[in-house]
Amino acid sequence: MIKLIRGFRDILPGDVELWQDIEAKARVLLENFGFREIRLPIMESTDLFSRGIGTDTDIVEKEMYSFPDSKGRGQTLRPEATASVVRAYIEHGFAGSDPVQKFYTIGPMFRHERPQKGRYRQFYQINAEMYGVASPLADVQIMYMLHLFFTGLSVPDVVTHVNSLGCPECRPKFRDALTAFVSDKTDRLCSDCQRRAKTNPLRVIDCKVPGCKEAVEGAPSIQDHLCQDCREHFEAVIKGLDNLSVPYEINPRLVRGLDYYTRTTFEVQTSLLGAQNAVAGGGRYDGLVKILEGKDTPAIGFAIGFDRLAALLGAEEKDFTVPPPLFVAALGAEAQKIAFDWLCAFNAKGLRAEMDYEGKSLKSQMKQANRFRVGHVLILGETELQNNKAVLRNMDTKEQVEVALDGLVDQVIALINQG
RNA sequence: GUGGGUGUAGCUCAGUUGGUUAGAGCGCCUGGUUGUGGCCCAGGAGGCCGAGGGUUCAAGUCCCUUCACUCACCCCA
């Protein structure tokens, strides 16, 4: 048997209804906030990601699905969406018409990691990106929107963590301070952190190993190293969140794995998904457009982990199938012909109806109708043909009413719609 | 890439110190009702016991290898 490749998954009927519901709500919300959909390819030049995300990141170092095309040019299944949106923003000259643009996009991302709970090699994201606004109002609006989305879906157990990572002015200073702090403690750190102390000291203060936690107690905080502008920006964001009553926790140790983030970063976390606690994450990336050879443009955005969100919302219920309202049961070849015509008419008129195509016994058809969890069964046999009246059975109350064959389809639709 | 756990029917799982045709519940099909679902009863279909090799008179069971799933590390959505 040919099976799914590792880390990939099927989203089956019964679950997919939940996904559709989430997606529909996301679209309404995003569009109400002025975000417009942009549909992008899932494959891009490898350079886009290595330059955009940063060559030292885990994503670029070891997680990308990259392979050469027939002429040897590197191409990659996108590991995230932001770089692609920026590419499109630059390539189509949006900055020339109006630098302020808001986009959203929904689709699959690919990362070659070891799969585990809440982590797949193909996973889905809902992304929102906003360009051309340096004001903290953009940060506030983005986070407010995210907050509305999660509360609107009644997502259980989520907390939004906020931090500022500073800018190219102040972050290096913080990094230096941190490196200095960590360098004389390397012997107390785990092997991973000894490596990270050089490559990415920010990660060390985020380490969960008890020895490391102890060693980094009293480490310098980014919050104490922000430059004047970054500090004011962060304070304005926090004030804005308070104004709109958006709950949050300031988390000075919130570090993000992509190089392009500046200033505001945030992550929506849950404790219900095992080790993968981030349901959504994002932040400001004021330098990225320029890095990718566009005009220097501030930007901010977020990604919602669709798979994880669906897991949170689907934890209780298992089957999101919506039952059809009607099943058409026919007895005998003559009746089946007519029943099939009705079926087609019901479907064409927007009433979801089902029938048995095999000429099974009435009992068997009733069982099937019951399995569909339909509200009504329309029965047509020889008796009904003779009387020119079919029988409409309410499956909950067991009440049966006769419906004249003449004009039956509309009559049945009316009966079902009135309950 | 590194560890732990698990692989037996469509699903959830039993399967004794190795012992004949491998079981249950749910689901599915048929019947009990010459035309009425859920409950009940009876019957039925459905398994290369993850794969390969080894030990043995004999392997679902013991050994080795491998693959898959899963959880965790790392990192992130």
Side-chain angles (χ1 to χ4, degrees), chain A residues 1-9 53 56-63 78-82 106-127 146 190-193 195-196 199-200 202-203 206-209 254-258 261 265-270 273-282 301-312 318 327 329-332 335 356 358 360-385 390-400:
Chain A
M1 182 171 53
I2 298 172
K3 293 203 281 194
L4 273 167
I5 48 182
R6 165 168 255 192
F8 288 64
R9 61 192 303 220
I53 300 168
D56 292 337
T57 58
D58 281 11
I59 293 176
V60 173
E61 268 182 7
K62 55 187 188 191
E63 296 174 3
R78 63 182 182 191
E80 58 116 38
T82 301
I106 301 173
M109 310 296 154
F110 303 84
R111 290 183 202 170
H112 192 103
E113 301 175 88
R114 193 73 171 257
Q116 68 186 71
K117 188 181 180 74
R119 195 170 74 185
Y120 305 96
R121 288 181 174 177
Q122 175 175 337
F123 59 100
Y124 296 79
Q125 287 187 341
I126 300 167
N127 281 265
L146 195 57
C190 69
S191 57
D192 280 328
C193 282
R195 174 179 53 82
R196 283 191 285 237
T199 58
N200 194 348
L202 274 71
R203 283 271 163 222
D206 194 35
C207 186
K208 287 143 201 147
V209 176
L254 179 67
V255 186
R256 315 221 69 242
L258 291 79
Y261 285 114
T265 57
F266 51 89
E267 208 168 277
V268 179
Q269 298 181 358
T270 177
L273 289 177
Q276 309 310 317
N277 61 358
V279 191
F302 64 71
I304 298 167
F306 209 142
D307 308 70
R308 291 179 187 177
L309 180 56
L312 281 178
K318 285 177 205 150
F327 186 93
L331 284 161
D356 158 63
E358 315 285 339
K360 289 184 182 170
S361 70
L362 182 59
K363 174 174 178 166
S364 173
Q365 294 187 59
M366 292 301 289
K367 277 188 158 181
Q368 201 179 340
N370 189 57
R371 212 178 308 138
F372 272 120
R373 305 193 331 254
V374 296
H376 294 266
V377 175
L378 182 63
I379 301 168
L380 183 70
E382 279 166 26
T383 321
E384 286 75 17
L385 280 174
V391 170
L392 184 65
R393 178 182 177 86
N394 182 317
M395 293 294 272
D396 292 326
T397 63
K398 296 183 178 184
E399 276 179 288
Q400 302 198 158

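Lettering of chains follows the sequences in order, A, B, ..., and the numbering in each one begins at 1.
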Quiz item: When you measure from the side chain of A:M366, which nucleotide among B:U36, B:G38, B:C71 comes out closest?
Solution: B:U36
Exercise. Rounded off to whole Å, could you give me the CG-to-C1' distance for the A:N370 and B:C28 pair?
Key: 14 Å
Practice problem: Could you work out the separation of B:U21 and B:G15 based on their C1' atoms and round it to a whole Å? | Solution: 16 Å
Quiz item: For A:P115 and A:E63, take the nucleotide of RNA chain B holding the closest heavy atom to each; which residue's nucleotide lies nearer the 5' end?
Solution: A:P115
Quiz prompt | For A:T265 against A:R256, the heavy-atom pair lying closest together | solution = CB-CD, 3.6 Å
Practice problem: To the nearest Å, give me how far apart CD (A:Q368) and C1' (B:U30) are. | Solution: 15 Å
Quiz item: Roughly, in whole Å, what's the span from NZ in A:K367 to P in B:C26?
Solution: 13 Å
Quiz prompt | P atoms of B:U20 and B:U65, separation to the nearest Å | solution = 29 Å
Quiz item: Taking atom types as they are modelled, is there a donor-acceptor pair under 3.5 Å from the base of B:A77 to the side chain of A:E113?
Solution: yes
Quiz item: Under the 6.0 Å and 45° cation-pi test, does A:R9 pair with A:Y120?
Solution: yes
Practice problem: Quick one: label A:Q122 by what it contacts on the DNA or RNA (base, sugar-phosphate, nothing), any heavy atom closer than 4.0 Å. | Solution: nothing
Practice problem: Would you classify A:E382 as touching base, sugar-phosphate or nothing, given that sugar-phosphate means primed atoms plus P, OP1 and OP2, and contacts are heavy atoms under 4.0 Å? | Solution: base
Practice problem: Scan A:E80 against the nucleic acid and name what it touches under 4.0 Å (heavy atoms): base, sugar-phosphate only, or nothing. | Solution: nothing
Quiz item: Reckon A:G118 touches a base, only the sugar-phosphate, or nothing at all at heavy-atom distances under 4.0 Å?
Solution: base
Quiz item: If you look at every strand shown and take non-hydrogen atoms under 4.0 Å, does A:A280 touch a base, only sugar-phosphate, or nothing?
Solution: sugar-phosphate
Self-check item: B:C75 versus B:C63 - spacing of their C1' atoms, nearest Å
Solution: 38 Å
Practice problem: Quick one: sort the A:F302 and A:F266 rings into parallel, tilted or perpendicular, breaks at 30° and 60°. | Solution: perpendicular
Exercise. Check whether any side-chain nitrogen or oxygen of A:S364 sits under 4.0 Å from OP1 or OP2 of B:U30, and answer yes or no.
Key: yes
Practice problem: Describe the nucleic acid contact of A:Y120 in one word from base, sugar-phosphate, nothing, applying a heavy-atom distance below 4.0 Å. | Solution: base
Exercise. With a 3.5 angstrom cut-off on both distances, give the Watson-Crick or G-U wobble partner of B:G37, or none if there isn't one.
Key: none
Self-check item: Whether A:F306 and A:Y124 hold their rings parallel, tilted or perpendicular, with breakpoints at 30° and 60°
Solution: perpendicular
Exercise. Determine yes or no for a side-chain-to-main-chain donor-acceptor pair under 3.5 angstrom, with A:R121 supplying the side chain and A:R111 the backbone.
Key: no
Quiz item: Counting just side-chain N and O atoms, does A:R114 come under 4.0 Å of either OP1 or OP2 of B:A72?
Solution: no
Quiz item: Ignoring hydrogens and angles, are the base of B:C74 and the side chain of A:R119 linked by a donor-acceptor pair under 3.5 Å?
Solution: yes
Quiz item: So what does A:R371 hit on the nucleic acid, given a heavy-atom distance under 4.0 Å: a base, only sugar-phosphate, or nothing?
Solution: sugar-phosphate
Quiz item: Considering only the C1' atoms, how many Å lie between B:G47 and B:G37, rounded to the nearest integer?
Solution: 31 Å
Quiz item: For the pair made of CZ in A:F306 and C1' in B:A77, what is the distance, rounded to whole Å?
Solution: 12 Å
Exercise. Decide yes or no, distance alone: a donor-acceptor N/O pair under 3.5 angstrom between the base of B:G35 and the side-chain of A:E384.
Key: yes
Practice problem: Give A:N277 one of three labels, base, sugar-phosphate or nothing, depending on what nucleic acid heavy atoms sit under 4.0 Å from its own. | Solution: base
Quiz item: Under 4.0 Å between a Lys/Arg side-chain N and an Asp/Glu carboxylate O for A:E399 and A:R393?
Solution: no
Self-check item: Interatomic distance where CG belongs to A:L362 and P belongs to B:U36 [whole Å]
Solution: 6 Å
Quiz item: Using a cut-off of 4.0 Å on non-hydrogen atoms, how would the nucleic acid contact of A:I59 be classed: base, sugar-phosphate, or nothing?
Solution: nothing
Exercise. Between B:C29 and B:G19, how far apart are the P atoms? Round to whole Å, please.
Key: 36 Å
Exercise. Would you mind telling me which of B:A77, B:C73, B:U36 lies closest to the side-chain atoms of A:Q400?
Key: B:U36
Practice problem: Round to the nearest Å and state the distance from A:R9 atom CZ to B:A77 atom P. | Solution: 17 Å
Quiz prompt | Separation between the C1' atoms of B:G60 and B:G18, rounded to whole Å | solution = 10 Å
Quiz item: Rounded to the Å, how far apart are A:I379 CD1 and B:G37 P?
Solution: 10 Å
Quiz item: With both distances under 3.5 angstrom, what nucleotide forms a Watson-Crick or G-U wobble pair with B:U12?
Solution: B:A24
Quiz item: Under 3.5 Å, is there a donor-acceptor pair between the side chain of A:D356 and the main chain of A:K360?
Solution: yes
Exercise. Could you please name the partner base of B:A68, counting Watson-Crick and G-U wobble pairs only when both distances are under 3.5 Å?
Key: B:U6
Quiz item: Starting at CZ of A:F8 and ending at P of B:C69, how long is that distance when rounded to a whole Å?
Solution: 11 Å
Quiz item: Hey, does the side chain of A:R308 reach the backbone of A:G118 with a donor-acceptor pair shorter than 3.5 angstrom?
Solution: yes
Quiz item: Between A:E113 and A:R119, does at least one N-O distance fall below 4.0 Å, as a salt bridge requires?
Solution: yes
Quiz prompt | Proximity to the side chain of A:K398 - top-ranked nucleotide from B:G38, B:C71, B:G31 | solution = B:G38
Practice problem: Hunt down the Watson-Crick or G-U wobble partner of B:G19, both distances under 3.5 Å, from any strand shown, or write none. | Solution: B:C57
Quiz item: Considering only side-chain heavy atoms of A:K117, which listed nucleotide, B:C74, B:C71, B:U36, is closest?
Solution: B:C71
Practice problem: Select base, sugar-phosphate, or nothing to describe what A:K363 touches, counting heavy atoms under 4.0 Å on all strands. | Solution: base
Exercise. Using the P atoms only, state how far B:A77 lies from B:C69, rounded to an integer number of Å.
Key: 24 Å
Exercise. Using the P atoms only, state how far B:A72 lies from B:U30, rounded to an integer number of Å.
Key: 44 Å
Self-check item: Nucleotide nearest A:R6 (side chain, heavy atoms from C-beta), chosen from B:C75, B:U36, B:U70
Solution: B:U70
Quiz item: Has A:Y124 got its ring stacked on B:A77, by the test of a centre gap below 5.5 Å and a plane angle below 30°?
Solution: no
Quiz item: Starting at the 5' end of RNA chain B, which residue's closest nucleotide do you reach first, A:R393 or A:L258?
Solution: A:R393
Exercise. Please determine, for B:G43, whether a Watson-Crick or G-U wobble partner exists with both distances under 3.5 Å, and give it or none.
Key: B:C29
Quiz prompt | OP1 or OP2 of B:C71 under 4.0 Å from side-chain N/O of A:Q116 | solution = no
